[in-house]
There are 2 protein chains.
Amino acid sequence: MKKRERHEQILLQLKLRPHVRVAELATLFGVTTETVRRDMGDLERQGLLERAHGGASATHPGAHRDLDERRQERVVERERLAGLAASLVRDGDTVMIDAGSTTMVFARLLAFAETRVTAITNSLQIGMILGQSASARVILAPGNYLPQEAAVVGIDTCDYLARYQVDACFLGAAGLSEAGVTEAVEGFAAVKRAMMRQSAACRFLIDASKFGLTQLDVVAQFEEMDTLVSDRAPDPALAACLAESGVRTFAP
Amino acid sequence: MKKRERHEQILLQLKLRPHVRVAELATLFGVTTETVRRDMGDLERQGLLERAHGGASATHPGAHRDLDERRQERVVERERLAGLAASLVRDGDTVMIDAGSTTMVFARLLAFAETRVTAITNSLQIGMILGQSASARVILAPGNYLPQEAAVVGIDTCDYLARYQVDACFLGAAGLSEAGVTEAVEGFAAVKRAMMRQSAACRFLIDASKFGLTQLDVVAQFEEMDTLVSDRAPDPALAACLAESGVRTFAP
DNA sequence: ACCTTTATGTTGGAAGTGCAATAAATCTGT
DNA sequence: ACAGATTTATTGCACTTCCAACATAAAGGT
């Protein structure tokens, strides 16, 4: 087994579980622990995993390699944002949730709060997180699998969503500016629009770092938004646009 | 600082980063490493984190305790079996793969071998594993999410599968006896049958520990099986039944 | 107050892990 | 085929972590 193969295997294992041990992989690959250690060293230098005593852990999905302190603060803000969004969901609601790191935190809080919901999503991770809660019913949409985002997209996804009608959709986004809500990942915008069409209320979860950014795909104009949930109030110019279009804004 | 408080802090830390160390938390909390160790033991028993040498990791969103445990059993046999099955797939093939621990190993080997395939599956984990391979195209079926198996089932799943026609399906099973192939998980049998209907060839991956077992749902009679892949040849009686129905058997 | 239960600290030995240096094996290009 | 480079195995040693047993301290109930 070549070095390259081992590296891929290690990363693959880390996709499946959060932590692997040196000794474990050594026997699995039939090599010395030292070799595995060296492999991990290489991968760590590439930022693909994090070493720990006796093994390695997966890097957090979508983690920026900033300072730890900054990362922590971002997480805190995101938790607040997601908490606000979760408080908008009531027992018995049906919702659609799209793929994204912010919506993932939202889903975790929803599961933790044991809100009784029926959720339709195109994100595998969100499905898994929310599915662990006994009080949630999860329906997964079909489609072409996008490994970078662990989500499905495409015509099938959008068609399938059209079969449901829900109380609200909770969508993330990569940008919010005068151009409206925009997204960068190919295929996501179409899914978001499909979700919006089937929802009585449309809630966008966008943290303040996305304010002022414009990405390639336009997801929605201000008029189409019902609610914006964020961790900080937008600047006056943006706030004016939002208010003019009747967008309710939630921010701590 | 009370025990409860520490527990919450530990879980909070694990939300921020994937791995924490015992010593680190001990100094942070101002307690002994033994205390932290005990805390982690408690939380591990509740399934809220995973211990590792020197620390603990967050439970992966898609990690399932029982699924992981099952994966640990009969590793060697299962790898051999899955390897045999993987050798039946050729570049350019289209396949359907159903949820199960054996088919998961099969999917991993398929990804590892970089076989150029288009795969349709109802298992989220298999989708994730195979989706990592650049040479595989993965299509996920919709349906109701089943947390224990990390898979979707139901009418939607079966309906969706009916839209495709593939070269072969690779199915696991919980039992193989005179009654035929049987399955225990509710909803799985219907999905397996739906996959069989859309496949030119039908390959069952069943390890020897399932021989002689009969579960509630009958998936297929011998006549409907094309291929049986296992880690050991079945006993004479079963082998005779299989041969009579023209089932090709692969075993090391 | 007393006793019981629970939680925490301390200790010593066993086991696991990391590191560095060296030797062996494998790969690579000419 | 050969020499040099890369990769892996081996070894010894220092260090960290684990575990279990015991001692101590705090909390809770009668």
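Because the structure is predicted, anything quoted here is derived from the model rather than measured. Chain letters run A, B, ... following the sequence lines, proteins first and then strands; every chain starts at 1.
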* Structure fact -> Of A:Val22 and B:Thr33, the one whose nearest nucleotide on DNA chain C sits closer to the 5' end is B:Thr33
* Asked: Within this structure, what is the CZ-to-P distance between A:Phe29 and D:dT7, rounded to whole angstrom?
  -> 17 Å
* **Given C:dA7, D:dA9, C:dG9, the nucleotide with the shortest approach to the side chain of B:Val31** => C:dG9
* Asked: Ion pair present between B:Asp231 and B:Arg80, side-chain N to carboxylate O less than 4.0 angstrom?
  -> no
* Structure fact -> Residues at least two apart in sequence or cross-chain that pass ring-ring contact (aromatic ring centres under 6.0 Å, His included) with B:Phe211, listed by chain then number, are none
* To do: Determine: side-chain N/O of B:Arg21 to OP1/OP2 of D:dT16, distance under 4.0 Å, yes or no.
  => no
* To do: Respond yes when some side-chain nitrogen or oxygen of A:Arg6 is under 4.0 Å from OP1 or OP2 of D:dT8, and no when none is.
  => yes
* Rounded distance [0.5 Å steps], CG in B:Leu88 versus CG in B:Asp167 -> 12.5 Å
* Structure fact -> Out of D:dT8, D:dT17, C:dT8, minimum distance to the side chain of B:Lys3 belongs to C:dT8
* Cationic N near anionic O, under 4.0 Å, B:Asp98 to B:Lys192 -> yes
* To do: Select base, sugar-phosphate, or nothing to describe what A:Arg51 touches, counting heavy atoms under 4.0 Å on all strands.
  => sugar-phosphate
* Asked: What distance separates A:Ser230 OG from A:Asp207 CG, expressed to the nearest 0.5 Å?
  -> 6.0 Å
* For the pair made of CG in B:Asp39 and P in C:dA7, what is the distance, rounded to whole Å? -> 10 Å
* Asked: Using a cut-off of 4.0 Å on non-hydrogen atoms, how would the nucleic acid contact of B:Thr35 be classed: base, sugar-phosphate, or nothing?
  -> sugar-phosphate
* To do: To the nearest Å, give me how far apart CD (A:Glu5) and C1' (D:dT7) are.
  => 14 Å
* Roughly how many Å is it from CD in B:Glu34 to P in D:dA20, rounded to a whole number? -> 11 Å
* Asked: Are the charged groups of A:Asp42 and A:Lys3 less than 4.0 angstrom apart, N to O?
  -> yes
* What is the nucleic acid contact for A:Arg4, judged by heavy atoms within less than 4.0 Å: base, sugar-phosphate only, or nothing? -> nothing
* Short side-chain to backbone donor-acceptor contact, B:Glu24 and B:Arg21, under 3.5 Å -> yes
* Asked: Rounded to whole angstrom units, what separation is found between the CG atom of A:Asp42 and the P atom of D:dT6?
  -> 13 Å
* Atom pair distance, as rounded to whole Å: CZ in B:Arg38 and P in D:dT24 -> 16 Å
* **Nearest-angstrom distance from the residue atom NE2 of A:His7 to C1' of D:dT6** => 13 Å
Check nucleotides 26-28 of chain D for protein N or O atoms closer than 3.5 Å to its own N or O atoms and list the pairs.
residue : atom : partner : partner atom : Å
D:dA27  : OP1  : B:Lys2  : NZ           : 3.4

* To do: Using a heavy-atom cut-off of under 4.0 Å over every strand shown, decide if B:Ala26 touches base, sugar-phosphate, or nothing.
  => nothing
